[in-house]
Amino acid sequence: MELAHPIVIAGPCSAETEEQVLKTARQLKETDTTVMRAGIWKPRTRPGNFEGVGALGLKWLQKAKQETGLMTATEVANANHVDLALKHDVDILWVGARTTVSPFIVQEIADALKGTEKIVLIKNPVNPDLALWLGAVERFYESDVKNLGVIHRGFSTYEKTRYRNNPEWQIPIDLQNKFPDLPLILDPSHIAGRRDIIFDLCQTALDLNYDGLMVETHFDPDSAWSDAAQQITPATLKQMTIDLRIRKQEGDAVEFRNKLNTLRTKIDVLDHQLIESLGKRMKIADSIGTLKKKNNVAILQTKRWNEVLGKMILEGEENQLSEEFILKIFKAIHQESINHQKKVIND
Ligand code: PEP
Ligand code: MN
């Protein structure tokens, strides 16, 4: 699967009714979308939510394909799903995040798909574990499934962040470095959990040379039966693909710029992590300030500070960072920390 133009997979989180599938498909036909997605069996974290229409929905996907010519994609979570999806001519099968975490189920699905020509896409596991993700890819390779790709849908965290699932860009970047030919697709919808940051996520992915996007799309997102807050209309998707800068082009000068942009985006990702870490560090400094205030302890604890500095100089050395540099940044961090604590104590 070497792609000149990023592939766009779009469609509802869940197939709900025949009308909803067909209406969405007709609208998607007017966009850059080449593959229509729809969940038929929905893995829910908690019971009681909409769990999918089941095999009946496969007939609607089949109709949508016949009418619009779009390829179809759905999630399979066991051998029975595979059997039914194949019987209904589904073109692309994906393995969901809650499935990738389980080598037993992954193996069951890989066995059921042995030797298939179909495209199989493997979502990252819910937890940030590259080995688990790669392990799933390997099980499919060993099962002679050649048309493989992966979908980055973010990783769950206990603490609430601006994302529903943290992107942790470093993980797909590492995966890309290890397997440069494995197509990598972004699912911005499950990372975001909301509409307003989907565009930026897609742009970052394109800047990192991702091969495609899978975007949850519904003709009436607000009334969707699942993941309503993160779905967008086909019209919004269309505008988005017009506005996105696509960097996958040919030519020497262009290749230079592509490479430069990719590296710069990697730097941006790390800078973002640095700022986030510094912010978290200062929040802890605030808590220390509160504690010191309650116990009437002085802000500056010289012994502790020298210990921190000594440790960081050693760690810096291991990471090819000069002592001079470590001293500079840690003095600045320490000063900011003291300012935070002063503020807490004087408040
Ligand atoms: C989905 O694509 O609708 C879905 C359930 O995704 P994930 O497995 O990434 O949670
Ligand atoms: Mn969904």
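Index from 1, following the sequence. Predicted, not measured: the structure shown is a model, and the values here were computed from it. For ligands, and for the atoms within them, numbers begin at 1 and follow the listed sequence.
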> What protein heavy atom is closest to atom 4 (C) of ligand 1, reported as residue, atom name and distance in Å?
His190 NE2, 3.5 Å
> Is there at least one pair of N or O atoms, one from Arg153 and one from ligand 1, spaced under 3.5 Å apart?
yes
> For Gly96, counting its heavy atoms only, list the atoms of ligand 1 lying under 4.0 Å from any of them.
8 (O)
> Is the distance between the ring centroids of His272 and Trp169 under 6.0 Å?
no
> Can you tell me which portion of Met214 lies within the under-4.0 Å heavy-atom range of ligand 1? Options are side chain, backbone, both, or neither.
neither
> Any side-chain heavy atom of Lys63 within less than 4.5 Å of one from Leu22?
yes
> Where is the nearest protein heavy atom to atom 6 (O) of ligand 1: which residue, which atom, and how far?
Lys123 NZ, 2.9 Å
> Please indicate whether any nitrogen or oxygen in Arg98 is less than 3.5 Å from any nitrogen or oxygen in ligand 1.
yes
> If I apply the N/O under 3.5 Å rule, does Ala97 come out as touching ligand 1?
yes
> Name whichever N, O or S atom of Glu216 ends up nearest to the Mn ion (ligand 2).
OE2
> Atoms of ligand 1 less than 4.0 Å from Cys13 heavy atoms?
3 (O)
> Could an N or O of ligand 1 be found under 3.5 Å from any N or O of Glu216, whether backbone or side chain?
yes
> Angle subtended at the Mn ion (ligand 2) by OD2 of Asp227 and SG of Cys13, to 10 degrees?
100°
